[in-house]
Amino acid sequence: MTHPVLEVKDLTFRRGRPILKGISWRVEPGQHWCILGPNGCGKTSLINLITGYDSATSGSLQIGESVFGDDDWREVRRRVGLVTNTLTTYLESSEPVLDVIASGREAKLNLIELPPPVVRREAASLLQQVGCSYLREALWGPLSQGEKQKVLICRALMAKFQVLILDEPCAGLDPVAREHYLQWMQSLAVQPHSPSLVMVTHHVEEILPSITHCLLLKDGQVHAAGAKHEVLKSENLSHIYGAPVKLGRRGERYSLRLA
Ligand SMILES: Nc1ncnc2c1ncn2[C@@H]1O[C@H](COP(=O)(O)OP(=O)(O)OP(=O)(O)O)[C@@H](O)[C@H]1O
C-alpha cells in the first residue's frame, strides 16, 4: 500500500474557541498543493499542527507512514521543511547565515554547537544555488526580507524532507524578486525527486504551473479540495472570501479582481 505524503483526518484545534473544525485532507506523492483562504481562516494553525509546533485537539495526522502520537514527531519533523516568516522571530540576529541554514538538517533553531564542516559546505552550496553566495559570512539579523526568505528556503532544503511547506513565501519580495523566486520554486517542483510543495498564499498570481491541487479554507473548515482546475473557480473563491470575485487566467498563471 502506498502511503500518502501527508494526511489529516477530522482534525480539530481549539484555543478557547474552535479554530479548525474537522479538517480532512490528503496529499498524494507527486502532488503540489496551494492553500488559500481569508485572514484568520486557520491556514497557519493547520501548518503549525502538521509541523508539530502546536497540538491538535482531536483527529489524526500522518506524514508518510508516521502517525502523530505513535511516532517521535521530532524525527518526523525532519521530513517536513517549513519556510515561514514566524521563524524569523525565533532566530537570533547574531546567528551566522550558514548556521541558520545548517540548523535545518536537525530541524533545530539557533545551534549551540558549530555544524560540522561538511554540513557548512552543503549550506554554502545551497546559498550559491539561490544566488546569495555573497551572504556566506553574513549574520541573520541585518538581512533584507527577500534574503531572509531565500536563506529559509536553503534551511528547509537541508532537511531530508518529503514535504516542503511554504507559508506566504513571497511576502515582502519586490515584484521582480518575486518572479525570480517563483521561477526557482517552479524548477524545484519539476525535479524528479522533488518533495511535495504546500504553498500558503493570499495571491492567486503566485500559483505556479507546477501546483496541481488546491485546498480552500473558510472559517476553519474545508470549502473545497482537489485538482487545481476543478477547485480554482470564481464561485469557490467568491464563497471563501465572502465577496464576488472574478478569476482570470493567462496561460498557466492566474489573476483575481472584484467582480
Ligand atoms: N494559539 C492560539 N490561541 C488563540 N487563538 C489562536 C491561536 N492560534 C490561532 N488563533 C486564532 O485562530 C484564528 C486562525 O488563525 P491563523 O493564524 O491560523 O489564520 P490564517 O488563516 O493563517 O490567517 P492570516 O491569513 O491572517 O495569516 C485566528 O482568529 C487566530 O487569532
Side-chain angles (χ1 to χ4, degrees), residues 6-27 32-61 63 68-69 73 77 80-91 109 145-146 148-149 152-153 156 163-173 178 181-182 185 196-208 211 213-226 228 231-232 234 236-245 247 254-258:
L6 160 70
E7 184 167 31
V8 298
K9 280 190 199 156
D10 210 14
L11 207 63
T12 66
F13 177 60
R14 288 185 69 92
R15 281 293 178 271
R17 64 184 178 84
I19 291 170
L20 298 178
K21 308 166 190 169
I23 304 271
S24 294
W25 172 44
R26 188 177 161 106
V27 176
H32 299 297
W33 283 74
C34 167
I35 304 180
L36 289 168
N39 291 130
C41 72
K43 303 178 295 295
T44 304
S45 302
L46 176 61
I47 283 168
N48 287 345
L49 299 186
I50 293 167
T51 48
Y53 285 104
D54 243 320
S55 298
T57 308
S58 64
S60 71
L61 170 55
I63 305 277
F68 192 74
W73 213 248
R77 224 192 230 182
V80 185
L82 174 65
V83 176
T84 168
N85 272 332
T86 321
L87 272 181
T88 62
T89 54
Y90 296 122
L91 288 162
L109 295 170
Q145 185 72 13
K148 282 185 172 163
Q149 288 289 352
L152 289 180
I153 279 272
V163 189
L164 175 56
I165 300 176
L166 304 142
D167 192 0
E168 297 183 42
C170 298
L173 298 189
R178 181 173 87 153
Y181 191 82
L182 289 171
M185 269 173 53
S196 289
L197 301 183
V198 174
M199 178 170 75
V200 176
T201 181
H202 283 299
H203 307 288
V204 294
E205 295 79 2
E206 292 170 6
I207 299 177
L208 302 162
I211 297 288
H213 289 71
C214 288
L215 173 68
L216 305 190
L217 297 180
K218 182 181 171 71
D219 295 336
Q221 290 177 303
V222 175
H223 172 64
K228 177 173 72 176
V231 167
L232 218 48
S234 297
N236 278 338
L237 296 171
S238 299
H239 178 83
I240 62 167
Y241 292 116
V245 292
L247 184 74
Y254 297 90
S255 60
L256 196 71
R257 62 175 174 79
L258 283 172

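Order of listing sets the numbers, starting from 1, for every ligand and every atom in it.
No side-chain heavy atom of V83 sits under 4.5 Å from any side-chain heavy atom of D167.
Considering backbone and side-chain N/O of G42, one or more are found under 3.5 Å from N/O of ligand 1. Considering backbone and side-chain N/O atoms, I19 never comes within less than 3.5 Å of an N/O atom of ligand 1.
Aromatic ring centroids of H213 and H32 lie 6.0 Å or more apart.
No heavy atom of G37 sits closer than 4.0 Å to any atom of ligand 1.
The backbone N or O of I35 sits nowhere less than 3.5 Å from a side-chain atom of K43 that would complete a donor-acceptor pair. Judged by distance alone, with hydrogens and angles left aside, the side-chain atoms of K218 form a donor-acceptor pair with the main-chain N or O of H239 at under 3.5 Å.
Here side chain to side chain donor-acceptor pair (under 3.5 Å) pairs that include residues 11-25, with residues two or more places apart or in two chains, are T12-S58, R15-D54.
Here the heavy atom of the protein found nearest to atom 15 (O) of ligand 1 is S45 OG, 3.8 Å. Among protein heavy atoms, atom 22 (O) of ligand 1 sits closest to T44 OG1, 2.7 Å.
Residue-ligand proximity, R17 to ligand 1, at heavy-atom distances under 4.0 Å covers atoms 11 (C), 12 (O), 13 (C), 28 (C), 29 (O).
With atom 4 (C) of ligand 1 as the reference point, the heavy atom nearest to it among R15, E168, H202 is part of R15.
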